[in-house]
J.: 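One structure follows; several queries about it will come next.
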Amino acid sequence: MNIEDLIIKGLSSAIEQLYGASTDVEVKIEKTKPIFEGDYTFVVFPLVRRSAKSPEATAQELGEAVLKTTPQVHQFNVIKGFLNLSVSPSFWAEALLNFDAQSNIPRKGEKVMVEYSSPNTNKPLHLGHIRNILLGYSIAEIMQSAGYDVIKANLINDRGIHICKSMLAWQRFGNGENPHSSGLKGDHLVGKYYVVFENKLQEQTSDDVALALEGRWNCKDQNIQKRYQDAFEKLGQAKEEKQIAKFKGDIKDLVRNQSDLMQTCQEMLRQWEAKNPEIIDLWSTMNGWVYEGFNRTYERLGVDFDAMYYESNTYLLGKDVVQEGLSNGVFFQKADGSVWIDLTGDGLDEKLVQRGDGTSVYITQDMGTADLKFQEHGINRSVYVVGNEQDYHFKVLFLIMQKMGRSYANGMYHASYGMVDLPSGKMKSREGTVVDADDLLQEMYDTAKAKTEELGKTEGMTSEELDNLYNRLSLAALKFFILKVDPRKRMLFNPQESIDFQGDTGPFVMYTYARIKSILRTANFDGCTIKIDLVLHATEMECIKLLNEFNGVLSAAAEEYNPAAICQYVLDLAKSYNKVYNEVSILKESNEDLRNMRLQLAWQTAQILQRSLRLIGVETVERM
RNA sequence: GACCUCGUAGCUCAGCUGGAUAGAGCAACUGCCUUCUAAGCAGUAGGUCACAGGUUCGAAUCCUGUCGGGGUCGCCA
C-alpha cells in the first residue's frame, strides 16, 4: 500500500473514531503546497458539520487522532481548516530502500489497438503528422507499460483521387523521374508531382474560373451547368464572408472538375477501381516510393507499427454493415437509393452511410474497418489518434457502432488532438508555410550539434557516439516540446524559437540522467544496501516522494491517453533531483552509509528518468 | 444559423474530479564553477486567471450569458 492510501486509511479510521461512521464525506488528501510545512493535506471544512466544532479545532483533534492511527505520520500542523501532515523521515528512508524502479504494473489481460499516423500517400509528412505520430507512439508505449497489451496500427490512405493526381502529373510531366535518378526521397518525389498537378490545373483553369465567378461560364453538360447557375445565384445572395468563400470554392471546384486534367484523373481512378494492370502498376510503383520515404522518417523518429492497414484493401468494407443496418432498421434508405442513419434523437443530424450509387463514403469504410480490427485481433479497446477536426465524425461512428449493437463499441476512443499552429497561423500548403518533417528533423539535428559543440564537453567521443548524441538530443528536444502540452489543446510551434535545450526540455532531463550516470561510474556503483536511520535532506525526501508517485502517474496517463502527464512528471523529478545534486555531495561524503543512501537515490532516480523518457520515445545518453 | 472547443505573467505552457498566498520554463536582472558535467542551482521582477453574473464556508476550476480565437455541420477524406 502506498503512503497516500495509508494516510487516507488512517484518516478514515480517525474520523470514524471521533465522529462515527459515515459515507457522506469522501476522504481525500492532496499534496501540501511547498509554502506550507507538511507532505499531505486534508481539508476539514466538509467535516465541521459533523464535528460541530470550528475548523481549527476539528483539524487539531483530527491531527492528534491521526498520529495514533497512522504511525507513518509523525507530526502535523493546522492552518485554518487545513490539516497538514508530515510523514516521518524514517518512512522515506525505508521507502527508498524498498523502492524498485523496475517494478511493473500487473498485466491487465486487455488488448488495445492504437491507430496513429494514418497518412495519405500523395505528400510527405509534415509537422502536423509529427504531433500525431509522437502522440500515438507515446500513448501506445504508456498503455503497454500500464499493463495493456498494445497493437500499434497504421491505416494508410493509399488510394483515391489524391494519389491519381500525382500519378497523372508524373505520367505527363515526369519524364520517367524516380527516387534513384533524382536523388529525391520517394515521398517527396510523389509530393512534388502532386504540386505539379495542382499548378498545371491552376494554369489550365484560371481563365474559366475567372469567367465563372463573373457568371459567364458555360458548360455543355446540362446538369453541371444547372449546378453552376445555382451556386452562382447563392453567391450573389451570400452576405457573410465565410459563405461567400464557400460558394466561390464550390464554383471553382465545379469548373476545375470539368477540365481535361481532372476528367482524366477521374478516369484514372475508375481504371484503378477496374484494376487496369497498367494503372495498378504505376500506382504500386509510386506508392512504393512513398513507403520507402515514410519508413525512413518513421525510423528517424524512432516509431514503429505492428499492424498495417491499407485503404486499397479496406475501402470496400462496410457495405455488409450497411446491409445489416438496413435489415435491423438502424439505417433507412431514401428514394434515390442512398442509405442514412437518423441521429437527430441523439442531438446530431441525419448522416449518410452509403451513396445513392451504392459506393462507400468515409464512414462506411470506418464501420467496416472497425469490425475488421476487432475480428482480426480480438481487441478490447480501439484508440484512434486523429485531429480534433474529426470530433464529429468519430462521435457519429461510435454512436453508429453502438446502435448496431457492437459489443466493442464502448471500447472505442477518439484520442483527439489540437492543430499545430505556426506564428503565421495555420499551416497552409498553398502558401508554402508547411513545415516538412524531414527538414525539421535535419534542422533539429544541426541545432543539437551546434549547441553541443558550443559547450565543448564531448572530448574523446567517437564520431558514431557524437552522431548518436545529436540524434537523441534533437529528438528529445522536439518530442518533449510537442508532447508536454495537453494533447487536446492546439499548440504553437515557432521553428526558430520553439526548440530549446535549456529549461523545461527533453535535453534538460537527459542531462540530469547523464550527470547521475557520471557519478555512478565514478563510484563504481552496482547496488548496495542502505541503513534507514539516516538524516535525509528535505530535497531528498521530496525526490523519494516523487519516485513513489511514478506508477500512479503512469496509470493516470494511460487512462487519460495523455503523454503530457509523463512530461510534467519527469520534469518535476529532474528538477527535484537537480536540487539534491546541488545540495549534497555523494563522492565527497565520508560516511559510508550516507554515501550509499545517496547513491541508491541517484540510481533509482536515473532509472525512473529513463523509464519516463522512454514512454515519450526519448532515449538517454550516458554522457553529454 | 446550430453545435463543439479554447482564452492563466511580454512569450510558450502547467494547475481545471472546487480548497490556503495561482506555478514552471523562455526572455530581463542578481548571485553561484580550485567542490560529483553551469544543457545546472539559488534569487529579483512580472497576474483584476478574457469579461459579467450565479452556486458555495471557499471558484482559474462548476453553471449561465457576453466578447474573442479555432473547429465542425459534404453523396470530400
Side-chain angles (χ1 to χ4, degrees), chain A residues 26 28 30 32-36 41 43-46 48-49 55 79-82 84 118 120 157 160-162 240 243 246 250 253 311 315 334 336-340 347-349 351-357 359-363 365-366 387-393 395 416 418-419 421 423 425-426 448 451-452 454-455 457 473 477 481 484-486 488-494 497-498 500-512 514-523 564-565 567-568 571-572 574-575 578-589 598 602 623-624:
Chain A
E26 189 202 352
K28 54 181 180 181
E30 52 204 90
T32 304
K33 295 199 169 191
I35 43 169
F36 302 103
T41 295
V43 184
V44 302
F45 291 112
V48 295
R49 228 165 13 125
I79 300 171
K80 291 190 275 182
F82 297 88
N84 300 319
S118 305
N120 291 352
N157 184 6
I161 199 73
H162 60 273
E240 277 177 57
Q243 272 193 311
K246 183 189 175 298
D250 286 353
D253 285 345
E311 278 198 19
Y315 81 106
K334 289 196 178 174
D336 62 358
S338 58
V339 181
W340 298 72
L348 307 176
D349 297 321
K351 179 80 182 175
L352 178 93
V353 296
Q354 190 174 77
R355 291 194 189 99
D357 62 6
T359 56
S360 302
V361 289
Y362 182 42
I363 203 154
Q365 302 174 39
D366 272 359
N388 64 9
E389 75 273 19
Q390 292 193 35
D391 283 355
Y392 184 77
H393 171 77
K395 218 173 177 175
S416 168
M419 297 292 102
D421 282 331
K426 266 186 96 166
K451 294 259 180 197
T452 305
E454 214 172 282
L455 291 170
K457 296 198 285 190
L473 274 174
F481 183 84
K484 79 173 174 188
V485 344
D486 186 331
R488 291 165 305 198
K489 294 189 180 176
R490 60 191 299 118
M491 66 178 290
L492 190 123
F493 186 90
N494 184 336
E497 293 169 13
S498 285
D500 226 321
F501 292 75
Q502 286 169 0
D504 288 357
T505 66
F508 164 78
V509 182
M510 286 175 73
Y511 175 72
T512 308
R515 277 210 304 197
I516 292 175
K517 290 312 287 281
S518 172
I519 296 172
L520 296 175
R521 274 195 304 274
T522 311
C567 293
Q568 298 300 336
L571 272 179
D572 283 346
K575 282 179 191 172
N578 279 329
K579 285 183 189 179
V580 175
Y581 185 97
N582 263 270
E583 269 186 37
V584 300
S585 172
I586 294 178
L587 299 177
K588 286 179 74 183
E589 178 54 58
R598 288 174 189 166
R623 272 188 67 192
M624 61 185 274

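No hydrogens, no waters, no symmetry mates; every other heavy atom, side chains included, goes into these values. Just so it is clear: chains get the letters A, B, ... in the order the sequence lines come, proteins before strands, and each one is counted from 1.
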J.: B:C11 P sits how many Å from A:M491 CE, rounded?
T.: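 In whole Å, B:C11 P and A:M491 CE are 17 Å from each other.
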J.: Base, sugar-phosphate or nothing for A:V584? Non-hydrogen atoms, less than 4.0 Å.
T.: base
J.: If you measure from the C1' atom in B:G25 to the same atom in B:A39, how many Å do you get, rounded?
T.: 14 Å
J.: Do A:R515 and A:N578 pair up side chain to side chain, a donor and an acceptor below 3.5 Å, judged on atom types alone?
T.: yes
J.: Kindly point out which of B:A24, B:A77, B:C26 is positioned nearest to the side chain of A:E311?
T.: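 Looking only at side-chain atoms, A:E311 lies closest to B:A77.
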J.: Between A:S498 and A:L492, what is the shortest heavy-atom contact and its length?
T.: OG-O, 4.2 Å
J.: Does a side-chain N or O of A:R355 approach OP1 or OP2 of B:A77 to a distance below 4.0 Å, or not?
T.: yes
J.: Report yes or no: does A:R598 contribute a side-chain atom to a donor-acceptor pair with the main-chain N or O of A:S585 at less than 3.5 Å?
T.: yes
J.: Rounded to whole Å, please give me the gap between CD in A:E389 and P in B:G69.
T.: 20 Å
J.: Identify which nucleotide among B:C16, B:U12, B:A39 has an atom closest to any side-chain atom of A:K489, counting heavy atoms from C-beta outward.
T.: B:C16
J.: Among B:U37, B:G18, B:C41, which nucleotide has an atom closest to any side-chain atom of A:S518?
T.: B:U37
J.: Please give the distance between the P atoms of B:A42 and B:C26 as a whole number of Å.
T.: 12 Å
J.: One thing to verify: whether A:R488 and A:D486 come together as a salt bridge, which I'm taking to mean a side-chain N less than 4.0 angstrom from a carboxylate O.
T.: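 Looking at A:D486 and A:R488, the cut-off is met.
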J.: Please report, rounded to the nearest Å, how far the C1' atom of B:A39 is from the CZ atom of A:F481.
T.: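 My rounded result for the distance is 17 Å.
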J.: Tell me whether the side-chain N or O atoms of A:N84 pair up with the base of B:A20 as donor and acceptor below 3.5 Å, since no angle test is needed here.
T.: yes
J.: Looking at every strand, decide which applies to A:L473 at a 4.0 Å heavy-atom threshold: base, sugar-phosphate, or nothing.
T.: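 Contact class for A:L473: base.
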J.: Indicate, with a heavy-atom threshold strictly under 4.0 Å, whether A:R623 touches base, sugar-phosphate, or nothing.
T.: base
J.: Could you tell me how far apart A:K246 (NZ) and B:C73 (P) are, to the nearest whole angstrom?
T.: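 Rounded to the whole Å, the gap is 10 Å.
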J.: Look at the side chain of A:R490 and decide which nucleotide, out of B:A42, B:G18, B:G70, has an atom nearest to it.
T.: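 My answer, after comparing the listed nucleotides, is B:G70.
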J.: Using centres under 5.5 Å plus planes under 30 degrees as the test, is A:F45 stacked with B:G58?
T.: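 No; by the centre-distance and plane-angle rule, A:F45 does not count as stacking on B:G58.
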J.: How many whole angstroms separate atom NE2 of A:H393 from atom C1' of B:A77?
T.: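 Going from NE2 in A:H393 over to C1' in B:A77 covers 9 Å.
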J.: I'd like to know if the side chain of A:Q502 and the backbone of A:F508 have a donor-acceptor N/O pair within less than 3.5 Å.
T.: no
J.: Base, sugar-phosphate alone, or nothing: which one does A:L492 contact when heavy atoms must sit under 4.0 Å apart?
T.: sugar-phosphate
J.: Could you state the CG-C1' distance from A:D486 to B:G23, rounded to the nearest angstrom?
T.: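 The answer, rounded to whole Å, is 16 Å.
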J.: Mind checking A:K395 for me? I need base, sugar-phosphate or nothing, with any heavy atom below 4.0 Å counting as a touch.
T.: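 Touches nothing.
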J.: Determine which nucleotide pairs with B:C29, using a 3.5 Å limit on both distances of a Watson-Crick or G-U wobble pair.
T.: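 Check on B:C29: paired to B:G43, both distances under 3.5 Å.
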J.: Quick check for you: among B:G25, B:C41, B:U72, whose closest atom lies nearest to any side-chain atom of A:D504?
T.: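 Among the listed nucleotides, the one closest to the side chain of A:D504 is B:G25.
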J.: Is there a side-chain contact between A:D421 and A:K426 (heavy atoms, below 4.5 Å)?
T.: yes
J.: Closest approach to the side chain of A:Y511, judged atom by atom: which nucleotide of B:A14, B:A20, B:G40 is it?
T.: B:G40
J.: Give one of base, sugar-phosphate or nothing for A:F508, where a contact means two heavy atoms less than 4.0 Å apart.
T.: sugar-phosphate
J.: Is the aromatic ring centre of A:F82 closer than 5.5 Å to the centre of the six-membered base ring of B:A20, with the two planes inclined by less than 30°?
T.: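 Answer is yes, a stack.
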J.: Under 4.0 Å between any heavy atoms, over every strand shown, what does A:T359 touch: base, sugar-phosphate, or nothing? Just pick one.
T.: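 A:T359: no heavy atom of the nucleic acid under 4.0 Å.
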J.: Going by the side chain to side chain contact (heavy atoms under 4.5 Å, CB included) test, name the single residue among A:D500, A:T452, A:T512, A:L473 that passes it with A:P507.
T.: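 Exactly one option meets the side chain to side chain contact (heavy atoms under 4.5 Å, CB included) with A:P507, and it is A:L473.
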J.: For the side chain of A:V361, starting at C-beta, report the closest nucleotide among B:A39, B:A77, B:G70.
T.: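 Of the options given, the side chain of A:V361 lies nearest B:A77.
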J.: Searching all strands shown, indicate the nucleotide that pairs with B:G1 (Watson-Crick or G-U wobble; both distances under 3.5 Å).
T.: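 B:G1 is paired, partner B:C73.
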J.: Assign A:D421 to base, sugar-phosphate, or nothing according to its heavy-atom contacts below 4.0 angstrom with the strands shown.
T.: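 Counting heavy atoms under 4.0 Å across all strands, no contact is made by A:D421.
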J.: When we call it a touch if two heavy atoms are under 4.0 Å apart, what does A:T522 touch: a base, just sugar-phosphate, or nothing?
T.: nothing
J.: Look through every strand shown and name the nucleotide pairing with B:C67 as Watson-Crick or G-U wobble, where both distances are under 3.5 Å.
T.: B:G7
J.: Measuring to OP1 and OP2 of B:A20, would you say a side-chain N or O of A:K33 lies under 4.0 angstrom away?
T.: yes
J.: For the side chain of A:A514, starting at C-beta, report the closest nucleotide among B:G25, B:U37, B:C13.
T.: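 Selected nucleotide (nearest to the side chain): B:U37.
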J.: According to the Watson-Crick and G-U wobble definitions, with both distances under 3.5 Å, which nucleotide is paired to B:U56?
T.: none
J.: Starting at CG of A:D391 and ending at C1' of B:G71, how long is that distance when rounded to a whole Å?
T.: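 Going from CG in A:D391 over to C1' in B:G71 covers 8 Å.
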J.: Between B:C51 and B:G43, how far apart are the C1' atoms? Round to whole Å, please.
T.: 36 Å
J.: At under 4.0 Å between heavy atoms, what does A:M624 touch on the DNA or RNA strands: base, sugar-phosphate, or nothing?
T.: base
J.: Enter syn or anti for the glycosidic conformation of B:C4, syn applying to angles within 90° of 0.
T.: anti
J.: If the P atom of B:C4 is compared with that of B:U44, how far apart are they to the nearest Å?
T.: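 These two P atoms come out 44 Å apart once rounded.
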J.: Nearest to the A:V43 side chain among B:C41, B:A14, B:G19, which nucleotide is it?
T.: B:G19
J.: Grab the two heavy atoms, one from A:Y315 and one from A:Q365, that are nearest each other, plus how far apart they are.
T.: O-CG, 3.5 Å
J.: Closer than 4.0 Å, any side-chain N/O of A:N388 to the OP1 or OP2 of B:U5?
T.: no
J.: Could you measure between the two C1' atoms, the one in B:U8 and the one in B:G15, and give it in whole Å?
T.: 9 Å
J.: Take A:T512 and A:K484, find for each the nucleotide of RNA chain B with the closest heavy atom, and name the residue whose nucleotide sits nearer the 5' end.
T.: A:K484
J.: Would you please confirm or rule out a distance under 4.0 Å between OP1 or OP2 of B:C36 and any side-chain N or O of A:R598?
T.: no
J.: Taking the side chain of A:K80 as its heavy atoms from C-beta onward, which of B:C36, B:U21, B:C41 lies nearest to it?
T.: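 For the A:K80 side chain, the nearest candidate turns out to be B:U21.
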J.: Could you give the distance separating B:U66 and B:A22 at their C1' atoms, to the nearest angstrom?
T.: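 Going atom to atom, C1' in each nucleotide, I get 25 Å.
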J.: Is any side-chain nitrogen or oxygen of A:K28 closer than 4.0 Å to OP1 or OP2 of B:G18?
T.: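 Answer is yes, contact under 4.0 Å.
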J.: Rounded to whole Å, how long is the line connecting atom OH of A:Y362 with atom P of B:C73?
T.: 11 Å
J.: Considering only the C1' atoms, how many Å lie between B:G23 and B:U64, rounded to the nearest integer?
T.: 29 Å
J.: Which heavy-atom pair separates A:K457 from A:M624 by the least distance, and what is that distance?
T.: CE-O, 4.0 Å
J.: What interatomic distance, in whole Å, is found between P of B:G7 and the corresponding atom of B:U61?
T.: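 11 Å, rounded to whole Å.
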J.: Pairing check on B:C36: which nucleotide meets the Watson-Crick or G-U wobble criteria with it, both distances under 3.5 Å?
T.: none
J.: RNA chain B: A:L455 or A:N157, which has the more 5' nearest nucleotide?
T.: A:L455
J.: How are the rings of A:F481 and A:F493 set to each other: parallel, tilted or perpendicular (split at 30° and 60°)?
T.: perpendicular
J.: With no angle test and no hydrogens, is the base of B:U37 tied to the side chain of A:K457 by a donor-acceptor pair under 3.5 Å?
T.: yes
